Number of protein chains: 2
Amino acid sequence: MTSRPPRPRERGIPEATVARLPVYLRALQTLQDRGTATVSSEGLAGAAGVNSAKLRKDLSHLGSYGTRGVGYEVEYLIYQISRELGLTQDWSVAIVGIGNLGRALANYGGFGTRGFRIAALLDADPEVVGRTVASLNVRHIDSLEEVVRSKGVSIGVIATPGGSAQGVASRFVEAGVTSILNFAPVVLNVPDGVDVRKVDLSIELQILAFHAQRRADGDGHAHRSGLEVT
Amino acid sequence: MTSRPPRPRERGIPEATVARLPVYLRALQTLQDRGTATVSSEGLAGAAGVNSAKLRKDLSHLGSYGTRGVGYEVEYLIYQISRELGLTQDWSVAIVGIGNLGRALANYGGFGTRGFRIAALLDADPEVVGRTVASLNVRHIDSLEEVVRSKGVSIGVIATPGGSAQGVASRFVEAGVTSILNFAPVVLNVPDGVDVRKVDLSIELQILAFHAQRRADGDGHAHRSGLEVT
DNA sequence: ACGTGCTTGTGAAAGCACGCACAAAGTGGG
DNA sequence: CCCACTTTGTGCGTGCTTTCACAAGCACGT
Ligand SMILES: NC(=O)c1ccc[n+]([C@@H]2O[C@H](COP(=O)([O-])OP(=O)(O)OC[C@H]3O[C@@H](n4cnc5c(N)ncnc54)[C@H](O)[C@@H]3O)[C@@H](O)[C@H]2O)c1
Ligand SMILES: NC(=O)c1ccc[n+]([C@@H]2O[C@H](COP(=O)([O-])OP(=O)(O)OC[C@H]3O[C@@H](n4cnc5c(N)ncnc54)[C@H](O)[C@@H]3O)[C@@H](O)[C@H]2O)c1
């Protein structure tokens, strides 16, 4: 089935690995900025805050890019991870809901370090539409379909209040956007084949509160093992 | 050790479950706002975007709060989950770094629906210190220790640039804060017993890009199973 | 009092994820 | 050319997570 000797990478990278690749990438870029040319799994794992065996196994899913006895060449590994993550191409992002959060996102410079370009901002409020935010003209939400088409938007960011989020998501999907990042605190319903990720501040706080309470409760010797030490 | 017959809940809720409890809680509150008094695992699972067996197992870790043949009483379940998450007490939050993001966070009203109170805002920039944001006076970062003590801060939020994040984290820890939410794109190093969670926009985008590329790559029949359908 | 119908709570199975520990593979020195 | 040393890539055991499937339990009508 698969050719044995020249197998650079197999299909199907574990989801847990995918979620860590961006972390490795950032650690590598920091190393590169410092002029480091080569790094061992131990060194990179330290910088990324993970176990070195886990890091090696993660990287092994992309291929065999290390040199035994030496380590990994920083620049080459950056390239390989970038390619795997799809960062060698450009992604057009549209943000809907230019309120407190939307504005912060729009003004956020170091967006994805590379690859992601904010192509459009949309809102429903006549007060906001027409204003310029982060050198972009805020368009009306009614032109979403047109904007997605003309700007080739492939990733939609939702920063509207919860009540509007599902509607916006549906319109994104309708317009052909299959990657959505949702900041609104609601569960989005989308058809199969559409990828939704959510960022939820209040969930994170609640998880922190749970652990904090546990520590206070049982007190004394304290905490179960689940504490992040990142 | 534990009394056997009246065992309402056992110690040790799985981490995966803890991460979902806030989602259930929100779904329940939405139901309550609509006047629903009772909900089945199927119904709640639908609203929360998870499998109903998973939901039942999750809830079973808190105790046996459902009624067979009927379902769960919404109000009671809200109370039980809130209690388990530690939301029946108040948590004081301090935000460090009142820039684009910090301001958005400070102005964010529906913070944690309940339980979380923004007690202090801190920044290093003389331009920002002294200003009023969200009816709070922005304090200088040098007073962090004093503020933590006087306001009883138990959760620290870091919204500074990456370069300052580790320093701020260390000072939080030094001041006795053991729960940290980090928005800066760096790996924080903290001692055992300190709980760090991170929210990282650019990682989320990169994960979306990976899946989007996969869909475009293999094309045709498309996508592996890992797509979120939330 | 009892049967019917619905829903919970949970055993058991399957699938993932993690981390140890080590063989394999490369480097560099002699 | 070979040996000592370093570091990768991975087989394997372990524990956590998810899902299925069903017995047990409860409400309600008769
Ligand atoms: N501000 C934060 O720090 C923060 C933190 C966590 C989560 N959130 C969530 O992010 C979302 C946005 O928060 P915010 O503080 O920026 O709110 P906001 O009210 O400041 O901004 C919301 C914006 O969305 C626009 N909008 C409303 N309906 C729309 C529609 N149908 N189409 C297009 N635009 C529409 C509004 O005009 C407004 O400009 C909310 O769901 C909030 O719960 C915000
Ligand atoms: N803006 C966004 O949408 C966004 C999105 C994702 C991640 N982030 C991350 O969040 C962080 C903040 O982003 P931002 O856009 O608000 O940046 P920003 O530059 O607008 O604000 C940073 C603030 O931190 C303050 N600061 C710097 N060093 C400090 C220190 N040692 N102590 C206290 N305060 C200090 C600065 O004075 C400034 O007010 C960054 O790490 C950024 O990468 C931002």
Side-chain angles (χ1 to χ4, degrees), chain A residues 2 4-21 23-24 28 36-74 76-77 80-81 224-230, chain B residues 7-21 23-24 28 36-74 76-77 80-81 224-230:
Chain A
T2 27
R4 201 56 41 79
R7 163 154 66 65
R9 64 184 163 120
E10 188 78 77
R11 262 305 124 101
I13 296 179
E15 198 51 34
T17 295
V18 172
R20 281 187 295 266
L21 289 179
V23 179
Y24 302 155
L28 283 164
T36 312
T38 261
V39 67
S40 70
S41 64
E42 199 71 45
L44 182 52
V50 302
N51 177 300
S52 71
K54 180 151 69 179
L55 178 126
R56 286 196 299 276
K57 186 155 290 183
D58 282 343
L59 294 184
S60 78
H61 286 112
L62 317 191
S64 221
Y65 298 138
T67 306
R68 292 170 192 232
V70 177
Y72 301 89
E73 199 204 327
V74 173
Y76 185 55
L77 197 50
Q80 289 298 344
I81 295 181
R224 55 185 302 272
S225 64
L227 286 184
E228 324 279 279
V229 188
T230 313
Chain B
R7 161 152 68 68
R9 61 187 166 121
E10 188 78 77
R11 262 305 125 96
I13 296 180
E15 198 49 36
T17 295
V18 172
R20 281 187 296 266
L21 290 179
V23 179
Y24 303 154
L28 284 164
T36 313
T38 262
V39 67
S40 70
S41 64
E42 199 71 44
L44 183 53
V50 302
N51 178 302
S52 71
K54 180 151 68 180
L55 177 123
R56 286 196 299 276
K57 184 151 287 184
D58 282 345
L59 294 184
S60 79
H61 286 112
L62 316 193
S64 221
Y65 297 140
T67 306
R68 294 169 191 231
V70 177
Y72 302 88
E73 200 203 329
V74 172
Y76 185 53
L77 198 50
Q80 289 299 344
I81 296 181
R224 58 184 298 272
S225 64
L227 286 183
E228 323 279 281
V229 187
T230 313

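As the structure is a computational prediction, the values presented were derived from the model and not from experiment. Chain A is the first sequence line, chain B the second, and so forth, proteins listed ahead of strands; every chain is numbered from 1.
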Enquirer: One pair to check against side-chain contact (heavy atoms from CB on, under 4.5 Å): A/L77 and A/L44. What are the steps and the verdict?
Expert: CA-CA 11 Å; A/L77 197 50; A/L44 182 52; 4.1 Å; yes

Enquirer: Should B/T67 and B/T38 count as side-chain neighbours, where that means a heavy-atom distance under 4.5 Å?
Expert: no

Enquirer: Check whether any side-chain nitrogen or oxygen of B/Y72 sits under 4.0 Å from OP1 or OP2 of C/dG9, and answer yes or no.
Expert: yes

Enquirer: Both A/N51 and B/G66 contact DNA chain C. Which one's nearest nucleotide lies toward the 5' end?
Expert: B/G66

Enquirer: Figure out the CD/P separation between A/E73 and D/dT8, and round it to whole Å.
Expert: 14 Å

Enquirer: Mind listing the closest non-hydrogen atom pair of B/V74 and B/L28 along with its distance?
Expert: CG1-O, 3.6 Å

Enquirer: Taking all non-hydrogen atoms of both residues into account, name the closest pair between A/S52 and A/S41 and its distance.
Expert: CB-O, 3.9 Å

Enquirer: Which residue pairs satisfy the salt bridge (charged side-chain N to carboxylate O under 4.0 Å, His left out) criterion with at least one member in residues 42-56 of chain B, sequence neighbours excluded?
Expert: none

Enquirer: What's the CG-C1' distance between B/L77 and C/dT7, to the nearest Å?
Expert: 15 Å

Enquirer: Identify whether any heavy atom of B/A53 sits under 4.0 Å from a base atom; if not, whether one sits that close to sugar-phosphate; answer base, sugar-phosphate or nothing.
Expert: base

Enquirer: Rounded to the Å, how far apart are B/H61 NE2 and C/dT10 P?
Expert: 9 Å

Enquirer: Tell me: CD of A/E42 to P of D/dT8, nearest whole Å?
Expert: 8 Å

Enquirer: In Å, rounded to the nearest 0.5 Å, how long is the span from CG of B/L21 to NE2 of B/H61?
Expert: 10.0 Å

Enquirer: Under the side-chain contact (heavy atoms from CB on, under 4.5 Å) rule, collect the residues that match up with B/A47, sequence neighbours excluded.
Expert: B/A27

Enquirer: Nearest to the side chain of A/S40, which nucleotide is it out of D/dT19, D/dT8, C/dC18?
Expert: D/dT8

Enquirer: Give the rounded distance in Å between these two atoms: CD of B/E15 and P of D/dG15.
Expert: 18 Å

Enquirer: With sequence neighbours left out, write down each residue that passes side chain to side chain donor-acceptor pair (under 3.5 Å) with A/T17, or none if nothing qualifies.
Expert: A/D58

Enquirer: Sort me out a list of protein N/O and nucleotides 11-14 of chain C N/O pairs below 3.5 Å, or just none if empty.
Expert:
unit_1, atom_1, unit_2, atom_2, d
C/dG11, O6, B/K57, NZ, 3.2
C/dA12, N6, B/K57, NZ, 3.0

Enquirer: How close or far is atom P of D/dG9 from atom CG of A/D58, stated in whole angstroms?
Expert: 12 Å

Enquirer: B/L44 CG to C/dT7 P: how many Å, rounded?
Expert: 14 Å

Enquirer: Counting only side-chain N and O atoms of A/R56, is one of them less than 4.0 Å from OP1 or OP2 of C/dC22?
Expert: no

Enquirer: Are any of the side-chain heavy atoms of A/L59 and A/I81 separated by less than 4.5 Å?
Expert: yes

Enquirer: Just how far is it from atom CZ of A/R20 to atom NZ of A/K57, taken to the nearest 0.5 Å?
Expert: 11.0 Å

Enquirer: I need the CG-P distance between A/L55 and D/dG9, as an integer number of Å.
Expert: 10 Å

Enquirer: For nucleotides 24-30 of chain D, read 5' to 3', which letter fits each nucleotide if B means a protein heavy atom sits under 4.0 Å from the base, S means only the sugar-phosphate is that close, and - means neither?
Expert: BBBS---

Enquirer: Any non-hydrogen side-chain atom of B/Y24 less than 4.5 Å from a side-chain atom of B/V50?
Expert: yes

Enquirer: When the C1' atoms of the five terminal pairs at each end define the local axes, what inter-axis angle does the helix from C/dA1-D/dT30 to C/dG30-D/dC1 show, to 10 degrees?
Expert: 0°

Enquirer: Hey, which sits more toward the 5' end of DNA chain C by its nearest nucleotide, A/K54 or B/S41?
Expert: B/S41

Enquirer: Is the centre of the A/Y72 ring less than 6.0 Å from the centre of the A/Y65 ring?
Expert: no

